[in-house]
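Written below as structure tokens is the structure these notes are about.
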Amino acid sequence: MATKEKEIVVSRVLDAPRDLVFDAFTQQEHAEKWWVPNGETHEWNATPGGHWRYSMPVRGTSYAFKVTFIEIDKPNRLVYDYGNDAEGADEPVRTHVTFEEEAGKTKVTLQLVFASVAAREQAVKYGAIVGAMQALEGLAEYIEAL
């Protein structure tokens with residue numbers, strides 16, 4: 001099955017140098033502030049095979065999430081698996097992040113690859129595309145405030 005049927009791709013150009021945008025994904029002091037501003041980190045190890053475990057309150061309930069870092073190629077590319085950190089959770093979403101320099105700015109592209117077309121469709125139904133775009137908006141606002 002073609003990957004395109006299982007993926008969501010969103011991009012945004014940020015007015016910041018590529019190294020800073022890359023660091024915002026891979027350095028704890030940055031990621032906690034824009035990715036999970038109301039969350040709590042339980043484990044952080046941003047190396048290939050390492051994990052970021054955190055919890056985040058959503059409508060009065062705390063949910064646990066896990067990021068497993070797969071590939072870190074500063075400042076070009078980052079690959080990680082993202083998902084619920086509960087036992088028996090759905091397959092994680094493999095996320096490929098590319099960082100392209102554009103005249104002093106950085107184009108960041110998120111390619112989310114789901115385990116199946118059905119998993120993608122369910123994620124879209126629950127707002128995955130809007131969520132990914134909001135994540136990049138939050139990143140842009142965070143970087144602008146630095």
Side-chain angles (χ1 to χ4, degrees), residues 1 3-100 106-146:
M1 179 169 294
T3 300
K4 294 217 177 282
E5 296 173 2
K6 300 188 301 184
E7 72 180 23
I8 293 171
V9 178
V10 296
S11 294
R12 182 176 177 128
V13 176
L14 304 174
D15 190 10
R18 187 164 59 159
D19 280 343
L20 175 59
V21 177
F22 189 91
D23 288 349
F25 278 84
T26 58
Q27 293 184 359
Q28 182 177 358
E29 63 270 23
H30 291 303
E32 288 176 331
K33 291 178 182 161
W34 70 269
W35 191 323
V36 290
N38 299 317
E40 180 181 354
T41 293
H42 307 288
E43 177 183 355
W44 177 272
N45 179 5
T47 59
H51 303 287
W52 176 24
R53 286 191 158 90
Y54 65 91
S55 56
M56 191 166 68
V58 179
R59 291 178 220 114
T61 302
S62 183
Y63 292 93
F65 297 94
K66 180 171 81 174
V67 172
T68 301
F69 294 95
I70 306 297
E71 178 184 342
I72 299 173
D73 177 18
K74 185 177 181 175
N76 305 304
R77 178 176 158 82
L78 172 66
V79 180
Y80 58 85
D81 286 341
Y82 170 79
N84 191 311
D85 198 20
E87 191 170 314
D90 293 337
E91 289 285 319
V93 177
R94 172 74 43 104
T95 303
H96 304 258
V97 188
T98 55
F99 304 85
E100 301 170 82
T106 303
K107 180 180 178 183
V108 60
T109 301
L110 305 178
Q111 178 198 32
L112 289 69
V113 181
F114 294 82
S116 67
V117 173
R120 180 204 180 272
E121 289 174 356
Q122 183 173 359
V124 169
K125 179 180 172 184
Y126 289 104
I129 295 171
V130 172
M133 293 170 63
Q134 287 175 336
L136 291 179
E137 175 68 25
L139 173 61
E141 290 173 2
Y142 170 72
I143 286 177
E144 186 177 307
L146 291 177

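When reading the values below, keep in mind they use all heavy atoms of this one structure, side chains included, and skip hydrogens, waters and symmetry mates. Sequence positions, counted from 1, serve as the residue numbers for this chain.
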Counting only pairs under 3.5 Å, give me each side-chain donor-acceptor contact of residues 69-78, with atom names and distances, residues two or more places apart or in other chains.
unit_1 : atom_1 : unit_2 : atom_2 : d
Glu71  : OE1    : Arg77  : NE     : 3.4
Glu71  : OE2    : Arg77  : NE     : 3.2
Lys74  : NZ     : Asp23  : OD1    : 2.9
Asn76  : OD1    : Arg18  : NH1    : 3.0
Arg77  : NH2    : His96  : ND1    : 3.4

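Here Phe22 pairs with Phe99 under the ring-ring contact (aromatic ring centres under 6.0 Å, His included) rule; sequence neighbours left out. Under the side chain to side chain donor-acceptor pair (under 3.5 Å) criterion, Thr47 pairs with Asn45, sequence neighbours left out. A search for side chain to side chain donor-acceptor pair (under 3.5 Å) contacts involving Thr98 returns nothing, not counting sequence neighbours. Among residues two or more places apart in sequence or in another chain, the side chain to side chain contact (heavy atoms under 4.5 Å, CB included) test is passed with Ala119 by Phe114, Ser116. Remark: Tyr82 engages Phe65 in a ring-ring contact (aromatic ring centres under 6.0 Å, His included) (not counting sequence neighbours). In this structure Glu137 satisfies the side chain to side chain donor-acceptor pair (under 3.5 Å) test together with Arg12, sequence neighbours excluded. Listed by chain and residue number, Ala115 satisfy the side chain to side chain contact (heavy atoms under 4.5 Å, CB included) test with Glu91 (two or more places apart in sequence, or in another chain). For Asp81, the side chain to side chain donor-acceptor pair (under 3.5 Å) criterion is met by Arg94, not counting sequence neighbours. Partners of His30 according to the ring-ring contact (aromatic ring centres under 6.0 Å, His included) rule, which considers only residues two or more places apart in sequence or in another chain, are Tyr142.
When all heavy atoms are compared, the tightest approach of Ala140 to Leu14 is CB-CD2, 3.4 Å. A pairwise comparison of heavy atoms in Ala24 and Ile143 identifies CB-CD1, 4.4 Å as the closest pair. Listed here is the closest heavy atom pair of Ser62 and Ser55: OG-CB, 3.5 Å.
One distance of note links CG of Leu112 with CD1 of Ile8; it measures 6.0 Å at 0.5 Å rounding. Atom CD of Gln111 is separated from atom NZ of Lys4 by 7.0 Å, given to the nearest 0.5 angstrom. Rounded to the nearest 0.5 Å, atoms CG (Leu139) and CD (Gln134) are 13.5 Å apart.
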Would Lys107 and Ser11 satisfy side-chain contact (heavy atoms from CB on, under 4.5 Å), going step by step from the backbone distance to the final call? CA-CA 7 Å; Lys107 180 180 178 183; Ser11 294; 3.8 Å; yes
Step by step, work out the side-chain contact (heavy atoms from CB on, under 4.5 Å) result for Leu136 and Val10. CA-CA 9 Å; Leu136 291 179; Val10 296; 3.9 Å; yes
Assess the residue pair Asp15 and Glu144 against the criterion (side-chain contact (heavy atoms from CB on, under 4.5 Å)); give the C-alpha distance rounded to whole Å, side-chain angles, the decisive distance to 0.1 Å, and a yes or no. CA-CA 8 Å; Asp15 190 10; Glu144 186 177 307; over 6 Å; no
Hey, mind stepping through Val97 and Phe25 against side-chain contact (heavy atoms from CB on, under 4.5 Å) and telling me if it holds? CA-CA 9 Å; Val97 188; Phe25 278 84; 4.2 Å; yes
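Pairs engaging residues 43-54 under the salt bridge (charged side-chain N to carboxylate O under 4.0 Å, His left out) rule: Glu43-Arg53, Arg53-Asp85 [sequence neighbours left out]. Within the structure, no pair that satisfies the salt bridge (charged side-chain N to carboxylate O under 4.0 Å, His left out) test touches residues 112-124, not counting sequence neighbours.
In this structure, Trp44 and Trp52 have perpendicular ring planes: the angle between them is above 60°, well past the 30° mark.
No donor-acceptor distance shorter than 3.5 angstrom exists from the side chain of Thr106 to the backbone of Glu100, with no hydrogens or angles considered.
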